[in-house]
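As C-alpha cells, the structure follows; a few thoughts come after it.
Chain letters run A, B, ... following the sequence lines, proteins first, then strands; residues in each count from 1.
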Amino acid sequence: MTKQSSKWLKDLNPEQKEAVQIIKGPMLVLAGAGSGKTLVITRRIAYMQSKGIKPTSILAVTFTNKAANEMRERLADMIGQAAQKVTLSTFHSLGLMMLRTELARRKKSSRFVVYDTADQLACLRELNRRIRLGRSFDLGAILGRISAYKNAFLEPKDVCPTEDEYDQAAAVFYPAYLEAMQAYAAVDFDDLICLPTKMMEKSEACRKRWSTRFRHVLVDEYQDTNGAQLRMLRGLAGKHRNLCVVGDDDQSIYGWRGAEVRNILQFEKDFPGCRTIYLMRNYRSVASVLTLANQVISQNENRHPKKLLPTRQSGERVKIVVSEDGESEAVWVAERVAQLVEDKRYKFSQVAVLYRSNLLSRTLETAFRSNRIPYRVHGGQSFFDRKEVKDLIAYLKYCANPADSISLRRIINWPSRGIGPTTLGRLSSWAETQDVPLFRAVGRANKILAPADRALSAIAGFNALITKTRRTLKGGVALANSVTKLVEQIDMHEEINKACESGKEVERRWESITDFIDGLKAYAKNKPKASLRDFLSQISLNELEEDSADESGNRATLSTLHGAKGLEFPLVFIIGLEEGYLPHDRVLNPHATDVQSGDIAEERRLCYVGITRARDELVLTRADKRLVNGKFRERAPSRFITELPDDILEVDDLTQALAPQDARKKLAEIKALLNN
DNA sequence: TGCTATGTTATTTTT
DNA sequence: TAACATAGCA
C-alpha cells in the first residue's frame with residue numbers, strides 16, 4: 001500500500017477502515033448516529049483519489065445542500081483543489097444538471113423554470129377554476145397524490161381508481177396538471193428526478209453516458225431516498241455496480257414525503273453480493289444519552305436490530321422536566337440556558353432546543369429574547385418564501401420564461417395597475433381558445449379587448465416594463481443593477497408601505513428586498529458567468545448559501561427535529577414530549593386528506609434522532625397543559641417516555657416543586673422583598 | 001375596483 | 001390564536 005493511501009486509513013476503527021478501503025462493487029454502510037459517517041465518506045473519496053480514481057468520475061449525493069457544502073469543505077481540507085472536481089450535490093440538483101445537459105445535447109430549449117410547492121399549488125388553483133368538482137378540495141392533498149403518482153412513474157392512464165374521493169379528484173387533476181406544467185415550461189421537484197431517469201431508461205446511450213461519467217457513486221442518508229431515486233441510481237450505477245450507500249434505517253424520518261425505508265432494508269436484495277458494514281461505535285454522546293437512545297428505538301419493530309456502542313464515559317442521567325404550561329416550559333429552558341452559559345459551562349453556540357413542530361418555536365423565541373439569549377431559528381419560513389421576495393422573483397421568472405403564466409398572473413396586477421380579474425379573464429379565455437400561452441394574449445391585448453378599454457394602456461405599460469427589464473437581465477454583474485431598477489420602477493417601497501400596518505413591518509419587509517438584492521450581488525460576484533435562469537433554479541432548490549457571517553456567530557440554535565438531522569450539540573433540549581406532539585397529533589388522528597397515514601414508528605425514530613444529537617447533556621421537557629388552537633388543553637406525557645423503564649430518566653416536576661408550607665415560605669419571602 | 005369586516009379554518013415535517 | 005379567504009359594501 002502506498003503511503004498516500006494509508007494516510008486516509010489512519011485512526012479509523014476496523015469497520016470504518018473496511019468501509020473506506022473497499023471501493024469496488026455495491027456496499028451498504030449502516031452507520032448509527034455519531035459513528036463518524038461523514039468522516040468515512042470523505043475519507044473514502046480521498047482514498048479513492050489516492051488509488052488513482054479521477055475525482056471527476058466520483059459522484060456523491062447528499063440529502064440537503066447544506067450537507068453537500070459541508071462535505072465539500074471537509075473534503076477540501078483533505079485533498080485540496082481536487083475536491084472541486086468531485087460531483088457533490090443533492091439528488092435534485094443532480095437531476096437538474098442532467099436534464100439541462102441532455103436537453104442541450106438534443107438541441108432542445110432548456111428555457112424551463114423550476115416550480116416550488118407554492119407555484120405548484122398556484123397552478124392547481126388555476127386548474128381548479130376550470131375543473132370545478134362539486135365540492136372544494138384541499139389542493140395540497142391533491143398535490144401530494146400527484147407527487148406520489150409521479151414518483152411511481154404512473155401515467156394518468158395508469159392511475160387506478162379507488163373509493164377515496166381525494167384519489168378520484170387527484171386522478172382528474174393529474175392529466176390537467178401535467179398539461180399545464182408543459183404549457184408553462186415548468187418542471188417540479190419530482191420531475192427533476194423522474195425526467196432524467198426516464199431518459200436513461202429510454203435510451204441506453206444516454207444511460208451509458210452518465211454511468212461512464214460517474215464510475216463511482218456514493219449516496220448519503222440512503223434511508224431517505226424514494227422509489228424514483230432508487231430508479232435513478234439503478235440507471236447510474238446498475239451496470240458498474242460501484243455504488244456505496246450510507247444510512248441508518250433508525251433515522252428514516254421522511255416517510256411522509258415518499259421516502260422508502262424499504263430501500264435501505266432491501267439494498268442487499270437490490271444489489272446482490274453487496275458488502276454490508278455496521279458502524280455502531282458512537283463517538284459523539286456520553287453513555288447515558290446512548291442508553292436512552294437505545295431504549296427508545298428498541299421499541300420499534302421492522303428494523304435491523306442493533307445498538308449504539310458507547311465510547312465515552314457515562315455522563316449524567318437524562319432529565320425530564322415537567323412544567324405547568326407551554327410558556328413556563330419555554331421560560332424554564334431560556335433561564336436554564338442563560339444560567340449555564342453564565343456559569344461558563346457552555347457557549348450559546350453549543351446549545352440547541354429541538355421541537356416537533358414549528359409552532360413551538362414562537363413561545364421559545366419570546367422567552368429567549370426576554371432573557372437576551374442570541375439565537376437563530378433553523379428551518380421555518382425561508383427568506384425566499386416571504387411574500388415580497390416571491391413577488392420580485394415572479395418578475396424575474398416571467399422575464400426568464402414568458403410561458404410561465406403562474407408568475408405572470410402573480411405580477412400582472414401587482415402593484416395594482418388596473419388589470420383586474422375581468423380583464424385577466426378575457427385575456428386568458430382568448431389564450432385558451434387559441435391554445436397559446438397567456439403572454440401572447442397580453443402581447444396582443446389591443447386586438448382582444450375593446451378599443452376603449454381602460455386596461456389597455458395599463459397593459460401597454462406593463463409590457464414595456466417587462467421588455468425593458470428583460471433586455472437588461474442578461475446575467476452577470478448587471479443582474480443586480482437591473483433588479484434594483486425594476487424595484488424602483490414598480491415603486492416597491494411604496495407598495496410595501498401601503499400593505500403594512502406599522503412602520504416596523506415596512507422596515508422588515510423592505511429589508512427583505514434589499515437583502516435579496518445584496519444576495520444577488522454576491523451571487524453575481526461569485527459566478528460572473530451565471531445566467532438569470534441559473535440563479536432562479538438555485539433559489540428554487542434552496543441552493544444559495546445563507547449569509548455565512550452570522551453562522552459563525554455565538555448563538556443558540558432553535559430547530560425542528562427534522563431540521564436537526566445530521567447536526568450535533570454539546571447541550572440539547574427537546575421540548576414538548578407529549579402525546580400530540582411526539583407522536584404528533586396528525587399521526588394519532590389521521591385526516592382524510594393525508595396521502596398516507598403516518599406511523600408511530602417514524603415518530604419514535606424522530607425522537608431517537610433528537611436524542612442522538614446530544615454530546616454531553618440532554619434535557620427533555622413537557623408541559624401539563626398547553627395552549628393549542630387558542631384553547632388550553634391537558635397534555636399527557638409522550639408514550640416514548642412512559643414506555644421506558646423507570647430508572648432511565650430523572651424526573652424534575654416543577655409543578656410539584658413547592659409543597660404547601662414551602663410555597664407559604666416563598667410567598668413570605670417575596671412579600672418581604674416587595675416591602676424593601 | 002378596492003377595501004374592510006367578518007367568518008372560517010386549520011394548524012408536521014421540506015428537497 | 002392567527003392567518004387567510006370571501007363576501008359585502010363604498
Spacing between A:D138 atom CG and C:dA5 atom P, to the nearest angstrom: 13 Å
P-based separation of C:dT6 from B:dT11 [nearest Å]: 15 Å
For A:Y581, which contact category applies under a 4.0 Å heavy-atom criterion: base, sugar-phosphate, or nothing? nothing
Taking atom C1' of C:dA3 as reference, at what distance in whole Å does atom CG of A:L359 sit? 12 Å
Which nucleotide in B:dT13, B:dG2, B:dT11 has an atom nearest any side-chain atom of A:H562: B:dT13
Would you mind reading off the distance between A:E603 atom CD and B:dT12 atom P, rounded to a whole angstrom? 12 Å
Side chain of A:T117 (C-beta onward), nearest among C:dA2, B:dT1, B:dT15: B:dT15
Without decimals, in angstroms, what is the distance between A:D190 CG and B:dT14 C1'? 12 Å
Could you measure the distance from the CD1 atom of A:I253 to the SG atom of A:C607? Nearest 0.5 Å is fine. 11.5 Å
Using heavy atoms to find the nearest nucleotide of DNA chain B for A:R417 and A:E602 separately, return the residue whose nucleotide is more 5′. A:R417
Of the non-hydrogen atoms in A:A441 and A:I448, which two are nearest, and what is the gap between them? O-CD1, 3.5 Å
Closest to side chain of A:T90, choosing from B:dT12, B:dT1, B:dT15: B:dT15
Roughly, in whole Å, what's the span from CG in A:N589 to C1' in B:dT12? 14 Å
Tell me, which of residues 247-256 of chain A have any heavy atom that sits under 4.0 Å from an atom in DNA chain B? A:Y254, A:W256
Begin with the C-alpha distance, continue with both residues' side-chain angles, and end with the deciding distance and a verdict on side-chain contact (heavy atoms from CB on, under 4.5 Å) for A:L243 and A:V219. CA-CA 8 Å; A:L243 173 64; A:V219 184; 4.0 Å; yes
Let's test your reading of the model: under 3.5 Å, does the base of B:dT11 pair with the side chain of A:N629 as donor and acceptor? yes
Kindly check if the number of other-residue, nucleotide or ligand heavy atoms within 6.0 Å of CD (A:Q182) is above 12? no
When the distance from CZ of A:R586 to C1' of B:dT14 is rounded to whole Å, what number comes out? 15 Å
With a 3.5 Å cut-off and no angle check, do the side chains of A:S147 and A:D190 form a donor-acceptor pair? yes
How close do A:S252 and A:D224 get, counting heavy atoms only, and between which atoms? CA-OD1, 3.9 Å
Could you check whether A:S540 gets within reach of a base, just the sugar-phosphate, or nothing at all, counting any heavy atom under 4.0 Å? nothing
What do the steps show when you test A:R626 against A:D325 for side-chain contact (heavy atoms from CB on, under 4.5 Å), and what is the final call? CA-CA 5 Å; A:R626 199 182 281 275; A:D325 57 25; 5.9 Å; no
Less than 4.0 angstrom between a side-chain N/O of A:T560 and OP1 or OP2 of B:dT14, yes or no? yes
Do any side-chain nitrogens or oxygens of A:N358 fall under 4.0 Å of OP1 or OP2 in B:dT13? yes
How do A:R356 and A:L541 order along DNA chain B: which one's closest nucleotide is nearer the 5' end? A:R356
How long is the line joining NZ of A:K66 and P of B:dT14, in whole Å? 11 Å
Establish whether the base of B:dT15 is bridged to the side chain of A:H92 by a donor-acceptor pair shorter than 3.5 Å. yes
Length of the line joining A:L121:CG and C:dA5:P, which is rounded to integer Å: 11 Å
Which nucleotide, B:dT14, B:dT11, C:dA2, lies nearest any side-chain atom of A:R257? B:dT14
Would you name the heavy atoms of A:P196 and A:M232 that are closest together and state the gap between them? CG-CE, 4.2 Å
